[in-house]
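Below is one structure; the comments refer to it alone.
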Amino acid sequence: MAAPRPVSAAEIESLAIGAWILGTGGGGSPYLALLNIRKLYREGTVVSLLDPRDLADNDPVAVVSNMGAPLVGQERLTDPRTIARAVTMMEEYLGRRFRAVMSLEIGGGNALQPFLAAALLGLPVVDADCMGRAFPEAQMTSFAIHDLRMYPLTLVDVRDNAVIVARAASWKWMERLSRRACVEVGSIAATCKAPRTGKEVKECAILYSTTKAIRLGETVQAARRAHQDPVQALIEAERGLLLFTGKIGDIARRTTEGFLRGTARLDGLDEFRGATFALAFQNEFAVGWLDGVPRVMTPDLICVMDSVSGEAIGTETLRYGQRVGVVALPAPPVLLTPKGLEHVGPRAFGYDLDFQSVFHDAR
């Protein structure tokens, strides 16, 4: 059994870039969490990454994330102690210590939340998550697709409010109950989800997604250093597809029921001049239409990236006039199964569309 490997400060920077791309517009901007980790690393803290295969079957694993609307997360400064408190509260409730901590979603700032908790609690981070991207709701995970237990859950805010959801009748009920608590504390909260065993992680999680996010970030950084197109470099390295290049012409968004919902319109540039691309989002980009025809839809990853820097653009950081590329990346296979599509396909977001992957057309 290999020892957990230290994650360097440079890899943390790459992780933030790659996770923001995998966030498909959501997961919250990594920026504030990254500032916190930089400070912890400057003080001498180093977090280790644990290969999920090195978990014992009965090892308890904490699954953490921030919950709420990304726009609020951008405005309210974050504190590592909040996510650490959600973990210790779960330990107190269960009466046992965790072996490691892992991310609920590798997308956006939530990829960094386990590193914040791990830094304060002296635990390793498991190289895995349960989305392979970001999704807005509790039932949109590989753990839910595998019908694992959805409770208990702990929720903590910066004011020292704390909630435990002891039971829930279903994953959707867990989403409803925890979302209501989240909205009451201001639409952003730190959460520790239902604890998982090492066996459940190995069999039901999306493995090595932290390493993947670091790799994506390194690809973008290498392209920048070589003065190459980072968007094209990412597409080539990750077998992605360029769906559209354009300028953001209109945005409508609102924070409601603990989500950031809205639409964006892109006006075509270069080979897409004269065409229009429309995006709809609920925290994350869910569907994209090219000239009114559905072009891409969840769970395919819909990533909006700055055309020059290759930096991902979140649904809360879309601005009029930004020049962007819309890129599709392949989804983890578990999300593409019939059961997976029930949880994360277009109908799960309220769109009456039969899922069709852009990668089927490309083969």
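By convention here, the first residue in the shown sequence is residue 1. Reckoned from all heavy atoms, side chains included, excluding hydrogens, waters and symmetry mates.
Formation of a donor-acceptor pair under 3.5 Å by the Arg133 side chain with backbone atoms of Pro299 is found in this model. Side-chain atoms of Asp157 never come within 3.5 Å of backbone atoms of Thr82 as a donor-acceptor pair (strictly under, hydrogens ignored). Without hydrogens or angle criteria, Asp229 side chain to Val231 main chain gives a donor-acceptor distance under 3.5 Å. Without hydrogens or angle criteria, Thr317 side chain to Ile313 main chain gives no donor-acceptor distance under 3.5 Å. Here the side chain of Asp59 pairs no donor or acceptor atom with the backbone of Gly198 at under 3.5 angstrom. In this structure, the side chain of Trp171 engages the main chain of Leu148 through a donor-acceptor pair within 3.5 Å. Using a distance-only test at 3.5 Å, with no hydrogens or angles considered, a donor-acceptor pair links the side chain of Thr315 to the main chain of Gly25. Panel note: side chain Thr298, backbone Val344; a donor-acceptor pair is recorded below 3.5 Å. With hydrogens and angles disregarded, a donor-acceptor distance shorter than 3.5 Å links the side chain of Arg159 to the backbone of Val185. Not one N or O on the side chain of Gln113 forms a donor-acceptor pair closer than 3.5 Å with the backbone of Leu104.
A salt bridge between Glu137 and Arg179 is absent, with no side-chain N of the basic residue lying under 4.0 Å from a carboxylate O of the acidic one. A salt bridge links Asp57 with Lys202: the distance from a Lys NZ or Arg NE/NH1/NH2 to an Asp or Glu carboxylate oxygen falls below 4.0 Å. Between Asp147 and Lys339 there is a salt bridge, since at least one side-chain N of the basic residue sits less than 4.0 Å from a carboxylate O of the acidic one. Ion pairing of Glu105 with Lys193 is absent here, as no side-chain N (NZ or NE/NH1/NH2) approaches a carboxylate O to less than 4.0 Å. Between Lys39 and Glu43 there is a salt bridge, with a side-chain nitrogen of the basic residue lying less than 4.0 Å from a carboxylate oxygen of the acidic one. A salt bridge is defined here as a Lys NZ or Arg NE, NH1 or NH2 lying under 4.0 Å from an Asp or Glu carboxylate O, and Arg38 with Glu13 meets this definition. In this structure, Asp352 pairs ionically with Arg347, as a charged nitrogen and a carboxylate oxygen lie closer than 4.0 Å. Ion pairing between Glu92 and Arg85 holds under the 4.0 Å rule for side-chain N and carboxylate O.
Using a 4.5 Å heavy-atom cutoff, the side chains of Tyr320 and Asp250 are not in contact.
By the neighbour-count criterion of 12 heavy atoms within 6.0 Å, atom CZ of Arg176 is sparsely surrounded, having that number or fewer from other residues, nucleotides or ligands. Within a 6.0 Å radius of CH2 in Trp289, more than 12 heavy atoms belonging to other residues, nucleotides or ligands are found. More than 12 heavy atoms of other residues, nucleotides or ligands shown are found within 6.0 angstrom of OH on Tyr208. Within 6.0 Å of CZ in Arg81 there are 12 or fewer heavy atoms belonging to other residues, nucleotides or ligands.
Follow the hydrophobic side-chain contacts under 4.5 Å out from Met67 and you reach Val63 in the same cluster. Met102 and Met131 fall within the same hydrophobic cluster, defined by Ile, Leu, Val, Met, Phe, Trp and Tyr side-chain heavy atoms under 4.5 Å apart, directly or through other members. Both Leu318 and Leu290 are part of a single hydrophobic cluster, where members link through side-chain heavy atoms under 4.5 Å apart. Hydrophobic cluster membership is shared by Leu94 and Leu123, with clusters built from Ile, Leu, Val, Met, Phe, Trp and Tyr side chains linked at under 4.5 angstrom. Follow the hydrophobic side-chain contacts under 4.5 Å out from Phe143 and you reach Met174 in the same cluster.
The distance from atom OG of Ser209 to atom CG of Asp129, rounded to the nearest 0.5 Å, is 3.5 Å. With values rounded to the nearest 0.5 angstrom, His146 atom NE2 is found 11.0 Å from Glu200 atom CD. Atom CD of Gln322 and atom NZ of Lys247 lie 12.0 Å apart (nearest 0.5 Å). From Leu112, atom CG reaches atom CG of Asn36 across 10.0 Å, with rounding to the nearest 0.5 Å. Rounded to the nearest 0.5 Å, atoms CG (Asp54) and CZ (Arg5) are 12.5 Å apart. Going from atom CG of Leu155 over to atom CG of Asn66 covers 9.5 Å, rounded to the nearest 0.5 Å.
Under 3.5 Å, the side chains of Ser103 and Asn110 contain no donor-acceptor pair of N or O atoms.
Nearest heavy-atom pair across Ala100 and Val126 is CB-CG2, 3.6 Å. Nearest heavy atom pair, residue Cys182 against residue Ala189, reads SG-N, 4.3 Å.
Cation-pi check for Arg295 over Phe244 is not met; the charged atom does not lie both under 6.0 angstrom from the ring centroid and within 45 degrees of its normal.
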Apply side-chain hydrogen bond (donor to acceptor under 3.5 Å, both in side chains) to residues Ser14 and Gln221 and explain how you reach the verdict. CA-CA 8 Å; Ser14 303; Gln221 289 169 310; 2.5 Å; yes

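Using a 30° and 60° split on the angle between ring planes, His360 and Phe355 fall in the perpendicular class, above 60°.
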